[in-house]
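Take a look at the structure set out below.
Reminder, nothing fancy here: chain letters follow the sequence lines and each chain counts from 1.
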Amino acid sequence: MIQILNTVLIGITAGSIYSLMAIAMVLVWRSTRVVNFAQAGMALLSTYFGYEVIQISGSYWIALPVAMIGGAVVASIIELVIMRLLLKHSSQGAIASITPIIATLGLLGLIKSVIGYFWGNQDRTIVSPLSNVGFTFGTNTLAISPMKLFIIIAILVLVLSLTFIFQRTNLGLALRASAYSPEISRLAGIKVDLVRTIGWALAGAAGGVAGMLQTANGTGTLSPDSLEFSLLLAFGFIAAVIGGLDSLIGAVLGALVLGLVLAFVLTYVGGSLVFITAFVLLLIILLIRPGGIISQKAGRRA
Amino acid sequence: MHKLKSNNLLRLIGFVVFGFFLFYLSNAIDELRVYQGATVAMYVVAISSIILLTGYSGQVSLGHGALLAVGGYGAALLRNNLHAPVWLSFAGAVLVAALFGSLLGVTAARLSGPYLAGTTLALAVGLPSIANQFKFLGGEQGLIFDIGLPPASLGETFSQYKWFFWIAALTALIAMWWLQNLLRSRYGRTWRAVRTQSVAAELAGINTARSKVLAFTVSAGLAGLAGALLSMTISTVSPSAFPLSLSFALATGAVLSGVTTLGGVMIGAVTLVAIPEIADAFTQRIGASENVTANLPGLMVSGLLIVVVLFVPNGPVEQFRNRRKK
Amino acid sequence: MSLIIENLTVEHGAIRALNNVSFTVKKGQLAALIGANGAGKTTLLRTLSGLNKPTHGKAHWCETNLLHGKPEMLVRHGVSHVSEGKSVIPELTVEENLEIGALWRSNKKEMQESKKTILELFPRLGERLAQRADTLSGGERQMLALGRSLMSKPELLLLDEPSLGLAPLVIEQIFQSIKELTKSMGITILLVEQNAMGALKIADVGIVLNLGTVAISGEAQSLIADPAVRAAYLGY
Amino acid sequence: AQAAEQGVTGSTIKLGITIPMTGIASPGYNKIPGAMKAYFNYVNANGGVNGRKITLVVKDDQYIPTLAVAKANELILKDKVFALIGTLGTASTKAISRSAQLSARGIPALFVNTGFSGFADKKAYPTSFSLLPSYQMEAKVIGKYLDDNYAGKKIGLIYQDDDFGVDALNGFKQAGINFAVKIPYASGSQGVAGVAGTWITKLQAAAPDVVILFGVSSATAAALGNAYAYKYSPKWILGSVGGDATTIAAAKKELPYFMAGAKGLSFAPAPTDSSDEYIKMFMDVNATYNKGVTFDNNVVAGMTSAFLAVQAIKSAGVNLTRKGLIAAIEKNSASFANPGLTPLGYSATSHVGATGYWIGTYDATGALKPDGGKYTVYTTDSGTGAVVLSTYKRPAMPAKGLPN
Amino acid sequence: MSTNNAALRVEGVNISFGGLRALNDVYLEIGKNEVVGLIGPNGAGKTTLFNALCGLVKPDSGTFFLDGHEHDFPRTDQLVDLGIARTLQGVGLFGDLTVLENVMIGAQKFAKSGLISACFGKNTKDEKALIERSMHYLENVYATGLAHRRADTLSYPDTKRVAIARALVSEPKILMLDEPAGGLGPQDIEWMNALIRNLTAQMSVLIVEHHMDVVMTVCSKLYVLNFGEVIASGNAEKVRRDPAVIAAYLGTGDA
Ligand SMILES: Nc1ncnc2c1ncn2[C@@H]1O[C@H](COP(=O)(O)OP(=O)(O)OP(=O)(O)O)[C@@H](O)[C@H]1O
Ligand SMILES: Nc1ncnc2c1ncn2[C@@H]1O[C@H](COP(=O)(O)OP(=O)(O)OP(=O)(O)O)[C@@H](O)[C@H]1O
Ligand SMILES: [Mg+2]
Ligand SMILES: [Mg+2]
């Protein structure tokens, strides 16, 4: 019984970690129609900022907002310098489906090299600010700790506020409009360039949070090639696709589904099936719903 | 209308001439370059497979490495267990990968851009880990794929790498010739039509789903062939030979080649092989600190990639053509 | 106080789409811009709204230099362009498509008022508010595009073939409303139309473009009466 | 005189290494080449080996066999190295050995960094030498320890589900160990959020008395971290690959403390054991020639390989050839000075180096200390041979750790 | 009212989108070699009816007769085989194909060569036949000179020509045109009228069009849709004077 309960809890916390990256990817997708593979690199870089702040101030709680801001700044710079040019040069035809992906992959490599240059390829450590020891319930220890609880709450707050921004505010409408059709949005008076930069900045901030929380929750290590970050990217993207790339709630839902299914498969079926399970799950969900769990109805065709 | 026939013939002649050139080249260059030549040939096939899929049929794959793996394992299993001759194990690799691709293609045909990207990415992450689930796949250390020594008739001094190169180059030439013909035929035309205007294509009587599945199948077959070539050049197949970064590298190569035309595929393939070496050499030349040596090659590769995507998004060949037109 | 265009030349690569075009539209007037397919009408509108960059020439709307602004800034100076071919955002709902036209004002109340006015003009849109725009029929999309443009309360309205794909009755209504817009709200309109007769009938002035140059311009009524214009552009 | 062998001149010897310097497998291992260079430089500064100075060309293979082969070919054909040294990973080593035709070309591959038992097969890999004891040996030694100390207790195992773990499973089978719970994990999956958590819930459900952690260090860290979070504390036995306290310590500050009391294995003296003459010398070399790099297992591993290479080259004589080097290792290795506490197994029939382990306990700082202050070394083979207490006496370190 | 030898006939077609009734019990018949016009206000359901006939929308109910025989509503990619061709309201050319290639796509059903023979370059004869056929239809719309231009560089009227050539090349018995005259100037409209009238020798034509000049010139029969229902049908002149049609669609003016 406790094993089932703990498996559920593990699934939920793992899902909440994936959802952080998924949210960041959805943000960029929704505001600029780019699948941003550099997201993991951006998150990593912001986490290094956080790390530096911890070295100086000793406080994780100061580092967290700094990492957020750092992430936002980095993302804005990337949008300003690279994505704008990219949009100008290759926004149509077959290449438009792949060049942004390749560009962001290039960026990922670039960011990693930059981190490697400044911080070296050794491990750094961020110690979790809250206890990682599970709550005790009678004689049993639950698979949820103050830190994990904090992560789940942080994600809830993040998703709700971002969803509110997207669905209920003018900025949200402007973000969506510019993503779908920059030219018409311009004609309608939306400052598309600015709005896209804001979209990236939001994603960068979310990525910064993701990096800080993931590092503190996971092994605590930070290196340019952190395994966790590469995997976070892949699993975050898979989660976002499962959820339907256009929905923040979907991203969280997709991440939770992925987390729970993985936890149960790992516990009750086979310990080494992680990667293939992720693929099969994605395949099954997309076969049933080609646009992910929360997908809009397709428009008319003619 | 006579032109058409001569076009096909000219193309064949072109390939034969280029083949002779490569033959000559293989005698003129040193062993390392010959080895790299075999790798280039492998990349040519692999990148073309992406160009077909993305540039023509409009489907994105970030998991082509997985299809290469299917081909590589297919070839090795055939060779090791059934003692198939080399050419047969290559053909087997094509068939196995094409079959796998057609199954995957059925799903792929329903998915739009990023969803397909996600699915193929998940495949590339997931598939190699299967090797450890089944004994006959040889686990992490993988299987041996040994094409044997060059025939004695070629002489004592004929090196193994030259043999690799001959096989890879010939295979690539034949595959490219087929592919060129195919892309210029109604199939290529149909793929492009479905990509740009699927409703209009359907109204013209094209079963768009079938057309996409066919593209995926052919592309996977080519990828399988590339996988067999790759396994030949490293004489083994193992899960770690097909990491996610291989899939990304292939997509990158396709962009460097100019996704929508086959014309630049050599450029993409050569770049993939040359850049790490150039970056390495450059780094060693300037002899900098540890942090620099470890990271400069990566920085150069990524930087080049971004520059190409930003300034020559259609690939160098297309760029050159456009320039000339003006 | 008017729209003044002087020696405007625009090139698309090697093609010279507009060649030294000059004309003036007084404030509050409705000008009909007509001409054969490919004459350069769309290019002219796109240049005036900042979407295309000119080779040389001048264009001013009151104090605003039209050639130095981005579209999103020109909207703030009262210039609004409804581009050719149902310019709506398919993935957004009808209501959202309307709202983006007034986002830059960031004034909720004004937005609601404008919306009300527009829904009165196009009641069909009112029935479709929550639908995605790509479920609309061709004509409905045209209405939506026009509606969105009016949401920004423009002073200079650049309309590219608003009658395209609309039913005769609706065209009549739209032309009527366009005319009223100029009169009641004092909006200046540059109207591009294939339906030359319909356009000239409601217009104050007419400009005929031919291969990128102004062939004839003048009072709309006199153009209708001009036999050369009749033969070449009005179809009878 | 005969033409000099490739990579050797009157005053230099060029060696080459391909190893993951970047990429997910790089952390930790990317310190190996630096450590090797440090020791070589130390030797060079003191006159070199037989008057020759050793240079090491480093190539990054990112742990991808395709790249490893390409880089090995560059090393051999372009940089014209004399021998390869220290390749990491079974798949890469195997691919290099085959595709770069090491045996046909007679190129020595010294001290590859893998415990895969296949490299013991001299027929298949006539020019390759492995340094680490095989995973199978390690499992057998653990089995012996369990038999001696935990007979009849419930045993649990977490292992990587590839050759690394499978080799070990074979060893445990030979040792007759039955597991109450076996938890495989896919290589790399330990980094996926939630995965390590499920290991612990499974262990808690099966409640073994002793748990063997046979994984890489990130997996070990993940397992210990989650056990800590779930207040789960069995008796741990950490495999040598994963029981690297510095990597784990970098992972979590609480953890070394948590490793306290766990059992661990090694064939070299503990990196913290500065009373050992080799370790002491390595520490000094590291301080001068590898500035700023924390001294740990990986540094010891790199320097040990370099040290052995120097010994081998020295023993191959002034007229250095590849054949001669291989023959020297096969013939003279018993007399090679090296820090390893087990006998070197190189012979005309086997190319496996270290052949056993000592078992110790991690202390509160994460250092592995021999029980009772004395290294008790077990030795065995990769086959069916028994595990026996070693009587091996390590050759004394030559003066200053230099080859003369 | 139904004649058995009608080229195409549908009865009782109902389509709704969510709560919206887009087509309500619609009836339509196209005689052989007849030009039929489908008109009605914006959003009346004309394109939707076209889509139903073309398999782009699945009707909730209705029956479909081809040449007097009942038939399932066809799948889109079956249309050309059934002898039906259609142009799209938004033209829908393949932008990065040449004009000739565009038309050759339409002629696909006459292609015989398979994948393997294409690989070996053995498809020359087949391709040649397609090219000849396509050039013939380009000639019919006076567009031979455009054959090697990329379709996305064409002027608007030219795209319409090519779109029609692409539909004609499949040699349909029924041609469906969605707003063929939309966006055209007077000269081009005249040309279009002439073309459509000439087609009746070989096929039946169904047109959706808001240009009353065109409708009145080429159509022998009209159906008027309003809010998804047929409110009038029959002889063009009669329909034109129908007060319901005037009120719902035509208006009084002559704009
Ligand atoms: N983006 C472009 N690139 C190249 N040429 C262009 C481009 N846009 C327009 N042209 C060319 O410029 C000329 C003028 O085109 P424009 O679209 O302005 O004409 P128009 O009067 O609006 O025609 P229509 O009535 O068909 O809408 C044409 O020859 C056209 O081919
Ligand atoms: N997929 C859909 N979902 C919801 N509503 C739809 C959908 N498709 C069409 N409609 C609605 O059905 C009605 C009929 O649309 P249709 O496109 O058939 O009109 P039409 O007669 O072709 O008009 P027009 O002359 O303006 O092109 C419209 O009101 C449209 O909004
Ligand atoms: Mg126009
Ligand atoms: Mg319509």
Side-chain angles (χ1 to χ4, degrees), chain B residues 1-15 55-56 58 94 98 174-211 214-215 217-218 221-222 259-261 314 318 325, chain E residues 50-51 54-56 75-82 84-88 90-98 100-132 135 151-152 163 166-167 169-170 172 176:
Chain B
M1 296 304 99
H2 186 67
K3 218 171 105 210
L4 202 70
K5 186 159 198 161
S6 62
N7 263 350
N8 279 354
L9 198 65
L10 271 179
R11 212 173 298 142
L12 181 56
I13 294 171
F15 272 99
Y56 282 76
V94 174
I174 294 174
M176 287 304 97
W177 178 59
W178 283 344
L179 188 61
Q180 279 274 11
N181 284 334
L182 189 62
L183 292 180
R184 302 274 165 102
S185 77
R186 69 190 176 101
Y187 292 94
R189 202 159 54 227
T190 310
W191 286 327
R192 287 189 290 150
V194 172
R195 185 192 77 212
T196 42
Q197 274 285 342
S198 68
V199 176
E202 242 173 86
L203 284 168
I206 294 165
N207 184 328
T208 49
R210 200 183 299 158
S211 155
L214 182 67
T217 308
V218 177
L222 272 173
V259 181
T260 50
T261 44
N314 287 304
E318 194 79 345
K325 248 187 251 164
Chain E
F50 259 42
N51 285 350
C54 294
L56 289 169
R75 272 206 337 253
T76 311
D77 55 3
Q78 293 176 331
L79 285 174
V80 284
D81 288 330
L82 295 175
I84 302 174
R86 167 186 173 177
T87 63
L88 290 166
V91 181
L93 289 189
F94 309 114
D96 55 359
L97 270 62
T98 65
L100 179 61
E101 285 175 322
N102 261 278
V103 182
M104 285 167 82
I105 292 283
Q108 190 86 309
K109 78 169 182 187
F110 301 105
K112 287 178 209 74
S113 68
L115 194 71
I116 304 294
S117 57
C119 277
F120 285 94
K122 295 263 179 246
N123 53 348
T124 322
K125 227 170 101 189
D126 196 43
E127 287 280 287
K128 216 168 98 182
L130 287 193
I131 292 177
E132 263 163 23
M135 288 307 285
D152 56 6
R166 189 176 69 193
V169 76
S170 69
M176 300 165 63

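For B:Arg210, no part lies near chain E; criterion is any non-hydrogen pair under 4.5 Å. Proximity to chain B involves both the backbone and the side chain of E:Ser113, based on heavy atoms less than 4.5 angstrom apart. Of the two parts of E:Ile105, the backbone and the side chain both hold a non-hydrogen atom closer than 4.5 Å to a non-hydrogen atom of chain B. Within the 4.5 angstrom heavy-atom criterion, only side-chain atoms of B:Leu214, from C-beta onward, approach chain E. Using a 4.5 Å cut-off between heavy atoms, E:Glu101 touches chain B through backbone and side chain atoms alike. The part of E:Leu130 that comes within reach of chain B is its side chain, from C-beta onward, which places non-hydrogen atoms under 4.5 angstrom from that chain.
Between B:Arg189 and E:Glu127, at least one side-chain nitrogen of the basic residue sits less than 4.0 Å from a carboxylate oxygen of the acidic one, meeting the salt-bridge criterion.
Side-chain N or O atoms of E:Gln78 include one that pairs as donor or acceptor with a backbone N or O of E:Arg75 at under 3.5 Å. E:Lys109 places a side-chain N or O within donor-acceptor distance of the main-chain N or O of E:Val80, the cut-off being under 3.5 Å.
Most heavy-atom pairs under 4.5 Å with chain E, from the set B:Gly188, B:Ser185, B:Ala193: that is B:Ala193. Counting heavy-atom pairs closer than 4.5 Å to chain B, the top-ranked of the candidates E:Cys54, E:Ala118, E:Gly106 is E:Ala118. Comparing E:Ala85, E:Gly114, E:Gly95, E:Ala107 by heavy-atom pairs within less than 4.5 Å of chain B, the highest count is held by E:Gly114.
Only one option out of B:Leu203, B:Asn207, B:Val199, B:Thr208 pairs with E:Thr76 in a side chain to side chain contact (heavy atoms under 4.5 Å, CB included); it is B:Leu203.
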message: Using side-chain contact (heavy atoms from CB on, under 4.5 Å), reason through B:Leu182 and B:Val218 one step at a time and then give a plain yes or no.
response: CA-CA 10 Å; B:Leu182 189 62; B:Val218 177; 4.0 Å; yes
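No cation-pi contact links B:Arg195 to E:Phe94, judged by a cut-off of 6.0 Å to the six-membered ring centre and 45° from its axis.
Proximity of E:Met135 to E:Leu100: side-chain heavy atoms (C-beta onward) are separated by under 4.5 Å at one or more points.
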